[in-house]
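Heads up: numbering here begins at 1 and tracks the sequence. Every number for a ligand or one of its atoms is a count from 1 in the order of the listing.
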Amino acid sequence: MKNVLTIAGSDSSGGAGIQADLKTFSAHGVFGMSVITAVTAQNTQGVFAVEDISPELIAKQIESIFEDIRVHAVKIGMVSKIETIKTIAEGLKKYKPDNVVLDPVMVSKSGYHLLKPEAKEALINKLLPLATIVTPNIHEAEVITGIKINSLKDMEKAAYLIKNMGPKYVLVKGGHLEENATDLLFDGNNIETLTTKKINTKNTHGTGCTLSSAIASNLANGYSIHEAVKLSKEYITTAIENSLDIGKGVGPTHHFYTLYKRSGVINE
Ligand SMILES: Nc1ncnc2c1ncn2[C@@H]1O[C@H](COP(=O)(O)OP(=O)(O)OP(=O)(O)O)[C@@H](O)[C@H]1O
Ligand SMILES: Cc1ncc(CO)c(N)n1
C-alpha cells in the first residue's frame with residue numbers, strides 16, 4: 001500500500017480540508033496521514049473561527065512522519081500564513097517527496113480568507129516552485145497571475161504564466177465557469193482540456209480539496225500526471241453527481257459512491 005500525506009486545515013463539518021483528503025485517500029486505497037496546519041470551526045454555511053497551529057508543531061508533525069514512514073505523495077491545502085508556508089517549504093526541501101500536489105487554497109466558498117492576504121507572495125515564491133502540480137481555481141489563478149479570467153483562452157494564458165513560476169504541471173480548474181466544468185492541464189508544451197457537463201447542485205463543498213487529494217493518491221499509485229488528473233476528474237465528477245444534502249448550506253460530495261455501489265451497500 002502507498003502512503004499519502006495531506007498538509008492542510010481541519011474542517012469540523014467534514015466536507016473539505018483534512019477530512020475530505022483522508023476520505024479521498026481511503027477511497028483510492030492509499031494509507032492517509034495528516035499534518036494539520038489550522039483548525040477551523042466551519043459548516044456548510046460558513047467559516048466561523050480559525051486557530052493556526054504553531055510552526056513548531058507543524059514542523060514536528062512533518063518530522064515525525066518523514067523520519068519514520070515513506071511518503072509516496074503529498075497534498076498541500078490550507079496554509080494560512082507566512083510562517084506556516086516557510087515551515088512547509090523547509091520540510092519539503094529537507095525530505096524531497098516524489099510527488100507534491102499544491103492546492104493553493106485562498107478563499108472558502110462562503111468567502112472566508114483561509115490564506116491571509118499578506119501570505120500570497122510567500123505561497124507563490126516558496127511553495128509553487130516545489131510543486132509537481134498546482135491546482136488553482138479561477139479566482140486563485142487570477143490572484144497568482146494578476147490577470148482577469150473570463151474565458152478558456154484566459155485560463156490558458158494563466159496556465160502559461162503559472163508554469164513559469166516553477167511548478168512542473170498546472171491544472172487550472174473551471175468549476176466556477178458558467179457553462180461546462182472545464183479544467184486545463186498544462187505540462188509546459190501542451191494544453192489538455194478536461195470537460196464535463198456542469199452538474200446542477202449546490203453541494204460542492206470541498207471539491208477542490210477532493211480533486212487534489214485524488215491526484216496525489218493516483219500519483220502515489222503509479223499513474224502518470226495525465227492519467228492521474230483524468231482519473232481524478234472522473235472521481236470528483238461522480239462525487240459531485242452523488243453529493244450529499246447534509247446541512248443547510250453548501251453540502252459535501254460523496255467520496256465512496258463507486259466503492260459502496262460495487263460492494264452492494266448502495267443498490268438503487
Ligand atoms: N457543478 C459542477 N459540476 C461538475 N464539475 C464541477 C462542478 N463544480 C466543480 N467541478 C469540478 O470540481 C473540481 C474542483 O473545481 P473547483 O473549481 O470547484 O475547485 P475549488 O474552487 O478549488 O473548490 P473549493 O471551493 O473546494 O476550494 C474541478 O474538476 C471542477 O471542474
Ligand atoms: C480547512 C479547509 N480547507 C480548504 C477549504 C476549501 O475551500 C475549506 N473550506 N476548509
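The heavy-atom pair separating Val172 from Met155 by the smallest distance is O-CE, 3.5 Å.
Using a non-hydrogen distance threshold of 4.0 Å, Gly208 does not register as a contact of ligand 2. Within the structure, ligand 1 lacks Ala16 among the residues with a heavy atom less than 4.0 angstrom away. Note on ligand 1: His139 sits outside its first shell, no heavy atom being nearer than 4.0 Å. Judged by the shortest distance from any of its heavy atoms, Val105 lies outside the 4.0 Å radius around the atoms of ligand 1. Using a 4.0 Å heavy-atom cutoff, Ser108 is listed among the residues neighbouring ligand 2. At least one heavy atom of Asp183 sits less than 4.0 Å from an atom of ligand 1.
For atom 4 (C) of ligand 2, the closest non-hydrogen atom of the protein is Cys209 SG, 3.6 Å. Ranking the protein heavy atoms by distance from atom 2 (C) of ligand 2 puts Gln42 NE2, 3.7 Å first. For atom 25 (O) of ligand 1, the closest non-hydrogen atom on the protein side is Lys109 NZ, 2.8 Å. At the shortest separation from atom 9 (C) of ligand 1 among protein heavy atoms lies Gly175 CA, 3.6 Å. Among all protein heavy atoms, the one lying closest to atom 5 (N) of ligand 1 is Ala181 CB, 3.3 Å. In terms of protein heavy atoms, atom 5 (C) of ligand 2 is closest to Leu114 CD1, 3.6 Å. Looking from atom 6 (C) of ligand 1 to the surrounding protein, the closest heavy atom is Ile240 CD1, 3.4 Å. At the shortest separation from atom 21 (O) of ligand 1 among protein heavy atoms lies His176 NE2, 2.6 Å.
For the residue pair Thr24/Asp21, the side-chain donor-acceptor check at 3.5 Å is not satisfied. One side chain, Ser80 or Asp52, offers a donor N or O that lies under 3.5 Å from an acceptor on the other. A side-chain donor-acceptor contact under 3.5 Å links Thr207 and Lys109. Side-chain contact check for Thr193 and Thr195: no donor-acceptor pair (N or O, by modelled atom type) lies under 3.5 Å.
Around the NZ atom of Lys163, the shell of radius 6.0 Å holds more than 12 heavy atoms that belong to other residues, nucleotides or ligands. By the neighbour-count criterion of 12 heavy atoms within 6.0 Å, atom NZ of Lys60 is sparsely surrounded, having that number or fewer from other residues, nucleotides or ligands. Within 6.0 Å of the NZ atom in Lys198, the count of heavy atoms belonging to other residues, nucleotides or ligands exceeds 12.
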Where do Leu5 and Ile69 land on the side chain to side chain contact (heavy atoms under 4.5 Å, CB included) test, with the steps shown first?
CA-CA 10 Å; Leu5 169 65; Ile69 301 166; over 6 Å; no
Side chain to side chain contact (heavy atoms under 4.5 Å, CB included) between Lys202 and Asp245, intermediate numbers included:
CA-CA 9 Å; Lys202 67 176 171 58; Asp245 228 354; 3.2 Å; yes
Test side-chain hydrogen bond (donor to acceptor under 3.5 Å, both in side chains) applied to Thr132 and Asn99, step by step:
CA-CA 6 Å; Thr132 313; Asn99 301 295; 4.7 Å; no
What verdict does the side chain to side chain contact (heavy atoms under 4.5 Å, CB included) test give for Asn3 and Ile65, after you've listed the backbone C-alpha separation in whole Å, the side-chain angles of each residue and the deciding distance to 0.1 Å?
CA-CA 10 Å; Asn3 310 317; Ile65 292 165; over 6 Å; no
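Each of the atoms 1 (C) of ligand 2 lies under 4.0 Å from some heavy atom of Gly9. Within the listing of ligand 1, atoms 29 (O) sit less than 4.0 angstrom from a heavy atom of Leu211. With ligand atoms numbered from 1 in the order given, ligand 1 contributes 26 (O) to contacts under 4.0 Å with heavy atoms of Gly206.
Proximity annotation for atom 14 (C) of ligand 1: of Thr207, Asp103, Asn137, Ile138, Thr207 comes nearest, heavy atoms only. Looking at Lys173, Glu234, Lys233, it is Lys233 that brings a heavy atom closest to atom 31 (O) of ligand 1. Residue Ile199 holds the heavy atom nearest to atom 1 (N) of ligand 1 of all those in Leu194, Ile199, Thr201.
For the pair Asp11 and ligand 2, the shortest N or O to N or O distance does not fall below 3.5 Å. Of the N or O atoms in Gly208, one or more lie within a sub-3.5 Å distance of an N or O in ligand 1.
Put simply, the side chain of Asp154 gets close to the backbone of Ser151: a donor and an acceptor are under 3.5 Å apart.
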